2 protein chains.
Amino acid sequence: MTQDGPTMSEGAVHRGRAASSGQPKSDTRAAGSGEASVVERRDEILEIAATLFAERGYRATSIRDIAERAGMKAGSLYYHITSKEALFVEIHDKALDAAAARVRAVIAGCRSPWERLEAACVEMLEIQLNPESLTLPIMNNFRSVPDEVKDALIRKRDEFERIFRDIIAALPLPSAIDRTIYRILLLRLLNTADEWYREGRLTRPEIAAQIVGIFRHEAG
Amino acid sequence: MTQDGPTMSEGAVHRGRAASSGQPKSDTRAAGSGEASVVERRDEILEIAATLFAERGYRATSIRDIAERAGMKAGSLYYHITSKEALFVEIHDKALDAAAARVRAVIAGCRSPWERLEAACVEMLEIQLNPESLTLPIMNNFRSVPDEVKDALIRKRDEFERIFRDIIAALPLPSAIDRTIYRILLLRLLNTADEWYREGRLTRPEIAAQIVGIFRHEAG
DNA sequence: CCTACCGATCGGTAGG
DNA sequence: CCTACCGATCGGTAGG
């Protein structure tokens, strides 16, 4: 009953042009003309797919689901993508890049290590819980992802998590606390926020503050 | 590469007879005879299915996978079960009952609230990470479970989590900490331990101690 | 417990 | 971008 029915909310997110991996053919439509370019169409598809993957997971999202929301037939989708797996990897990688940029941006304005941690937590919750920003809610769910793809995803995720490794390295934690599992536990909570978060009682910043409150320990 | 290949470890777990929901027909085989009874066969199937569900999730586990490991054809499985959904619900409920019993047992021997919390954490990690005890590693993954079933699972899980509500209610926490999200965060970590735990560096009790170390805050 | 089969759905392709 | 189709796989049933 919760997260199944089609959601008609597709915000304008990670439309960061500069396509890297190259599915779409040549495209040099004059900007300003009424027609949508091929790469714009492709970006729309990426967003739609991202939404569905986030809602239902990799396996439970069919190529036909994606095609339908994009207003085309399943076969036509293959003009824009090479495979379901490649589509997922591309979405995942772009989402992590966008998330990394956002987190780096907010911690840049902080002075103390604990401030940085809290700002990073707030931003992560925002990313994970805001349906407008399909930046990722994926990040996990690797169980339903085919093994061939999994390694690439994990490598990318480890790269992202380096941001948190650095934040945590600067914290004046008691020596009894192991920073590695500290990081693993914190990231697990942030990355799966969409699974445990209940709307209503507390705001995102309040929850971030609770998390930091729990994880905050000063060295004796 | 990680959790796909068939695992040949099927321990003797939650063989708690006293079958409740009733698939298997009448069965009154003399104990001690060499023949396996119908209910024993059914328990084997439950274990096999539990292992597969835990490894791959609900959707990624096919009825044919389960049948194959049980040494029979897919159709034959339906002599023992009514549906894949019902099978999952039954496994889930039995697993939670077994887990609840184990956690209640270990905390019964503790005197202080923090001792109780740590004992409960150790036991939960043991339950989640020990492949011999397919007591559950499910508990989550509800995303891939059909909506019709989800409600029943959630109700059962909430019942289980009451144990932790009680433990946490007794902790002398600072008033700034919200016990509800404290419980949600802690349970999220324990329940998904199989997803973030890396074998090798730290033992389960050491990790439980780290978790309690992080979550331990005494009221001023 | 098996064989044989059902309708549905999957990711993907050919050929326009 | 579409039609039409592929082989594979799914949960489940009939009829023994």
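For the numbers below, each heavy atom of this structure counts, side chains included, while hydrogens, waters and symmetry mates do not. Lettering follows sequence order; numbering is per chain, from 1. Here the structure is a predicted model, which is why all the values come from computation and not from measurement.
For B/Glu159 and B/Arg155, the salt-bridge test fails: no basic side-chain N is under 4.0 Å from an acidic carboxylate O. Between B/Arg165 and B/Glu161, none of the side-chain N atoms (NZ, or NE/NH1/NH2) sits under 4.0 Å from a carboxylate O, so this pair counts as no salt bridge.
In summary, contact between chain B and DNA chain C, defined as any nucleotide atom under 4.0 Å from a heavy atom of the protein, begins and ends at C/dC1 to C/dT3 in the 5' to 3' direction.
When atom types are taken as modelled, the side chain of A/Arg56 and the backbone of A/Thr61 share no donor-acceptor pair closer than 3.5 angstrom. Between the A/Trp196 side chain and the B/Arg188 main chain, no donor and acceptor come within less than 3.5 Å of each other.
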Intra- and inter-strand pairing of DNA chain C, written as dot-bracket with Watson-Crick and G-U pairs under 3.5 Å and | for the latter, reads ||||||||||||||||

Tell me which donor-acceptor pairs under 3.5 Å the side chains of residues 200-210 of chain B have, and how far apart each pair is, sequence neighbours excluded?
residue  : atom : partner  : partner atom : Å
B/Arg201 : NH1  : A/Asp178 : OD2          : 3.1
B/Arg201 : NH2  : A/Asp178 : OD1          : 3.0
B/Arg201 : NH2  : A/Asp178 : OD2          : 3.1
B/Thr203 : OG1  : B/Glu206 : N            : 3.2
B/Thr203 : OG1  : B/Glu206 : OE1          : 3.4
B/Arg204 : NH1  : B/Glu126 : OE2          : 3.4
B/Glu206 : OE1  : B/Thr203 : N            : 2.8
B/Gln210 : OE1  : A/Asp178 : N            : 2.9
B/Gln210 : NE2  : A/Ala176 : O            : 3.0

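Using a 30° and 60° split on the angle between ring planes, B/Tyr58 and B/Phe53 fall in the parallel class, below 30°. Between B/Phe164 and B/Phe160, the ring-plane angle classifies as tilted under the 30° and 60° cut-offs.
Of the two residues near DNA chain C, A/Ser76 and B/Gly75, the one whose nearest nucleotide lies more 5' is B/Gly75. Taking for each of A/Lys73 and A/Arg64 the nucleotide of DNA chain D with the nearest heavy atom, the 5'-most of the two is the partner of A/Lys73.
When heavy atoms are screened at a 4.0 angstrom cut-off, B/Lys84 is found touching the sugar-phosphate backbone but no base atom. Across all strands, B/Arg41 comes closer than 4.0 Å only to sugar-phosphate atoms, never to a base (heavy-atom distances).
Screening A/Lys156, A/Arg102, A/His92 for a side chain to side chain donor-acceptor pair (under 3.5 Å) involving A/Asp97 leaves a single residue, A/Lys156.
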